[in-house]
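Fair warning: this is a prediction, and the values are worked out from it, not measured in the lab.
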Amino acid sequence: MSIMANRFDEDAGVVTRTRTKKKTKRPPKFRVLLHNDDYTTREFVVSVLSTVFHLGETDAVRVMMHVHNNGVGVAGVYTREIAETKVAIVERLAREHEYPLRLSIEPEENED
Ligand code: TYC
């Protein structure tokens, strides 16, 4: 949230704006979504959730089962570059194991 006051500079004929409230600098966050398929093994998904997304065994199994039952689920929430890097790492791992596992990224709506 920012408040801007307009001022007219008479010498130069230029309108300047003065920001009176300090801009809070929180970078946008992005959800990394995991998508279900019929071929990737449950064990592989749990291992990715634990090694790449740092979930404990219980949460990793819970997220994997949520995706298995609902089609899609959140693996984690990160800034854009970290989210994109994790997607690239998991996609490479999946292809190496010849799994069709898919991931995507979506912006988290701002909460302020
Ligand atoms: N549906 C897969 C199976 O039954 C398991 C699975 C879960 C696959 C989550 C992908 O993102 C996924 N083997």
Side-chain angles (χ1 to χ4, degrees):
M1 176 60 168
S2 73
I3 301 161
M4 305 286 273
N6 287 326
R7 287 187 327 150
F8 188 74
D9 183 317
E10 296 201 15
D11 292 336
V14 170
V15 176
T16 57
R17 299 196 298 171
T18 306
R19 198 180 292 280
T20 52
K21 188 173 188 302
K22 192 162 164 54
K23 221 177 156 194
T24 53
K25 278 289 183 187
R26 256 186 317 197
K29 292 282 190 63
F30 294 82
R31 286 190 277 267
V32 175
L33 302 181
L34 206 51
H35 298 267
N36 189 39
D37 68 74
D38 292 337
Y39 303 102
T40 306
T41 64
R42 296 180 182 204
E43 292 73 18
F44 180 78
V45 175
V46 169
S47 85
V48 152
L49 286 167
S50 102
T51 60
V52 179
F53 297 95
H54 307 295
L55 300 189
E57 173 77 9
T58 304
D59 285 335
V61 170
R62 186 177 294 129
V63 170
M64 181 280 293
M65 284 308 297
H66 175 91
V67 175
H68 176 74
N69 290 320
N70 298 279
V72 65
V74 179
V77 180
Y78 307 95
T79 56
R80 183 195 289 274
E81 192 161 338
I82 291 171
E84 286 172 348
T85 301
K86 287 183 187 288
V87 168
I89 288 168
V90 175
E91 283 177 340
R92 182 173 46 74
L93 276 171
R95 297 315 159 251
E96 283 169 2
H97 290 79
E98 301 188 305
Y99 291 135
L101 183 64
R102 287 179 307 109
L103 299 92
S104 60
I105 290 173
E106 71 174 19
E108 198 181 46
E109 40 288 312
N110 283 325
E111 71 299 306
D112 53 308

Smallest heavy-atom separation, Gly76 atom then Phe53 atom, equals N-CD2, 4.4 Å
Is any side-chain heavy atom of Val67 closer than 4.5 Å to one of Val45? no
Side chains of residues 92-102: which donor-acceptor partners sit under 3.5 Å, not counting sequence neighbours?
from	atom 1	to	atom 2	distance (Å)
Arg92	NH1	Glu96	OE2	3.3
Arg95	NH1	Tyr99	O	2.8
Arg95	NH1	Leu101	O	3.3
Arg95	NH2	Leu101	O	3.2
His97	ND1	Leu93	O	2.8

To the nearest 0.5 Å, tell me how far Lys29 NZ sits from Ile82 CD1. 9.0 Å
CD on Glu109 to CZ on Arg31, rounded to 0.5 Å: 4.5 Å
Rounded to the nearest 0.5 angstrom, the NE2-OG1 distance for His68 and Thr40 is 12.0 Å
On a heavy-atom basis, which atom in Ala83 and which in Phe30 lie closest, and how many Å separate them? CB-CB, 4.3 Å
Could you work out, with side chain to side chain donor-acceptor pair (under 3.5 Å) as the rule, every residue matching His66, not counting sequence neighbours? Asn70
Shortest non-hydrogen contact from Leu103 to Glu91? CD1-CG, 4.1 Å
Give the minimum heavy-atom separation between Ala60 and Leu49, together with the two atoms involved. O-CD1, 3.3 Å
Paired with Glu84, the side-chain contact (heavy atoms from CB on, under 4.5 Å) test is passed by just one of Ile105, Thr79, Ile89, namely Ile105
Got a sec, which hydrophobics cluster with Val74, joining ILVMFWY side chains under 4.5 Å apart, including via others? Leu33, Val72, Val77
